[in-house]
Protein chains: 2
Amino acid sequence: MRSTKRYGKKIDLALNVWVKLTRAYVTFHKLSEENIRSFGLTGPQFSVLESLGHLGPMTTGVLCKKQLVSGGNMTVVIDNLEKEGLVERIPSTEDRRAITIRLTPKGKRLFDEIFPQHAEYIAKLTSVLPEEEQVKLAELLKKLGTTLAARF
Amino acid sequence: MRSTKRYGKKIDLALNVWVKLTRAYVTFHKLSEENIRSFGLTGPQFSVLESLGHLGPMTTGVLCKKQLVSGGNMTVVIDNLEKEGLVERIPSTEDRRAITIRLTPKGKRLFDEIFPQHAEYIAKLTSVLPEEEQVKLAELLKKLGTTLAARF
DNA sequence: CATAATTATTTCAAATTTGAACAATTCAAA
DNA sequence: TTTGAATTGTTCAAATTTGAAATAATTATG
């Protein structure tokens, strides 16, 4: 950390956290994305399938909040999944502005097939840390993420 | 974590680490990016200024490795910084394929002005964790990131 | 009830990023 | 040497993402 040693102890520590968070995330993300591509899906497509597969049908807006992406982007992602016949748009019964997205049977089959494989891969990557460190890391990251989201 | 409780203890734990890493990173990144925009720079532009400001002139290729982005992208980022008069391209003396990028005086002045401000902001964000947790988190993230990069 | 403000989604243009193709250069081995 | 493989940076096309309208529907307020 030679590059971040000139701003006082507190700031150096904070910069170090941020740098390490970025490196760990980017490296992990590239590997995960690569694995997802091998299933013929993009990362965002996979994330949508995962949300729908685990939590059931939900509206476009809820999907946006879950993945923290813009609405314009989500429309495109859903368009592409729809073209592949993996999801379908159903007008919401309660709110006629809203559209419910759900897996088609084909989408459900694909999800059931590839999600466990991808989960195995994630576990392989994560296993570079022993389990007790994984627990600690998840706990700290959760605290950081939720507190930031709540406070800023 | 209702959505990730059906694949066995080890896999659930790994998925949890990955989900929390993603949330913490994306949330932090959006806030940091927003702050950088307030200085009239994009995130990648700021990162290049930071590398050059802290470590001195370096080639395009080294910048790519530091920021983990593609060469095509780095060319555009440097083009834009050059248009603003913040960096300049110098043909490398040792390797005539390579081009050294360095800050102009204007770039150096901007860097000296805004980096401490941004560092303060990062410290404000990070301060949602007490210092001993920051130390622990940085340590775990470093281990995760470096081991992944070395092993996969 | 009527009007305004908010919310959900889509459309569109612009910015960003990647990856492949390419030109120039370096390096290593025959 | 010199041939060929690898590396450096750029260009280009395509994919991705965002953010700002635009549209439609709902909710709140007077």
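These values consider heavy atoms only, across backbone and side chains, with no hydrogens, waters or symmetry-generated copies. Labels below follow one simple rule: chain letters A, B, ... track the order of the sequence lines, proteins then strands, and each chain is numbered from 1.
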What pairs of residues pass the salt bridge (charged side-chain N to carboxylate O under 4.0 Å, His left out) test when at least one of them lies in residues 57-78 of chain B, not counting sequence neighbours? none
What salt bridge (charged side-chain N to carboxylate O under 4.0 Å, His left out) pairs are there with at least one residue in residues 109-125 of chain B, not counting sequence neighbours? B:Lys108-B:Asp112
Specify the angle, to 10°, made by the local axes at the two ends of the helix from C:dC1-D:dG30 to C:dA30-D:dT1 when five pairs are taken at each end. 30°
Show every side chain to side chain donor-acceptor pair (under 3.5 Å) that has at least one partner inside residues 90-101 of chain A, sequence neighbours left out. A:Asp95-A:Arg97
Distance, rounded to the nearest Å, where B:Arg37 contributes CZ and D:dG19 contributes P: 8 Å
Could you list the residues that satisfy ring pair (Phe, Tyr, Trp, His ring centres under 6.0 Å) with A:Phe111, not counting sequence neighbours? A:His54, A:Phe115
Residues in residues 68-94 of chain A with a heavy atom under 4.0 Å of DNA chain D, by number, are A:Val69, A:Ser70, A:Gly72, A:Asn73
Measure from the side-chain heavy atoms of B:Thr42 and tell me the nearest of D:dT16, C:dT16, D:dA25. C:dT16
Hey, could you give me each pair passing salt bridge (charged side-chain N to carboxylate O under 4.0 Å, His left out) that has a residue in residues 70-83 of chain A? Not counting sequence neighbours. A:Asp79-A:Arg89, A:Glu82-A:Arg89
When rounded to whole Å, the CD to P distance for the pair B:Glu33 and D:dT17 reads 14 Å
Short N/O separations, protein against nucleotides 6-8 of chain D, under 3.5 angstrom:
from, atom 1, to, atom 2, distance (Å)
D:dT7, O2, B:Arg97, NH1, 2.7

Search all heavy atoms of A:Pro57 against all heavy atoms of A:Leu52 and return the closest pair with its distance. CA-CD2, 4.2 Å
Enumerate the residue pairs fulfilling ring-ring contact (aromatic ring centres under 6.0 Å, His included) with a member in residues 132-152 of chain B, sequence neighbours excluded, ordered by first and then second residue. none
OP1 or OP2 of D:dA24 less than 4.0 angstrom from a side-chain nitrogen or oxygen of A:Arg96, does that happen here? no
Side chain to side chain donor-acceptor pair (under 3.5 Å): pairs with one or both residues in residues 132-146 of chain A, sequence neighbours excluded: A:Glu133-B:Lys143, A:Lys143-B:Glu133
Could you name each residue pair satisfying side chain to side chain donor-acceptor pair (under 3.5 Å) that touches residues 35-48 of chain B, not counting sequence neighbours? B:Asn35-B:His118
So ring-ring contact (aromatic ring centres under 6.0 Å, His included) across residues 13-45 of chain B, not counting sequence neighbours, yields A:Trp18-B:Tyr25, A:Trp18-B:Phe28, A:Tyr25-B:Trp18, A:Tyr25-B:Tyr25, A:Phe28-B:Trp18, B:Tyr25-B:His29
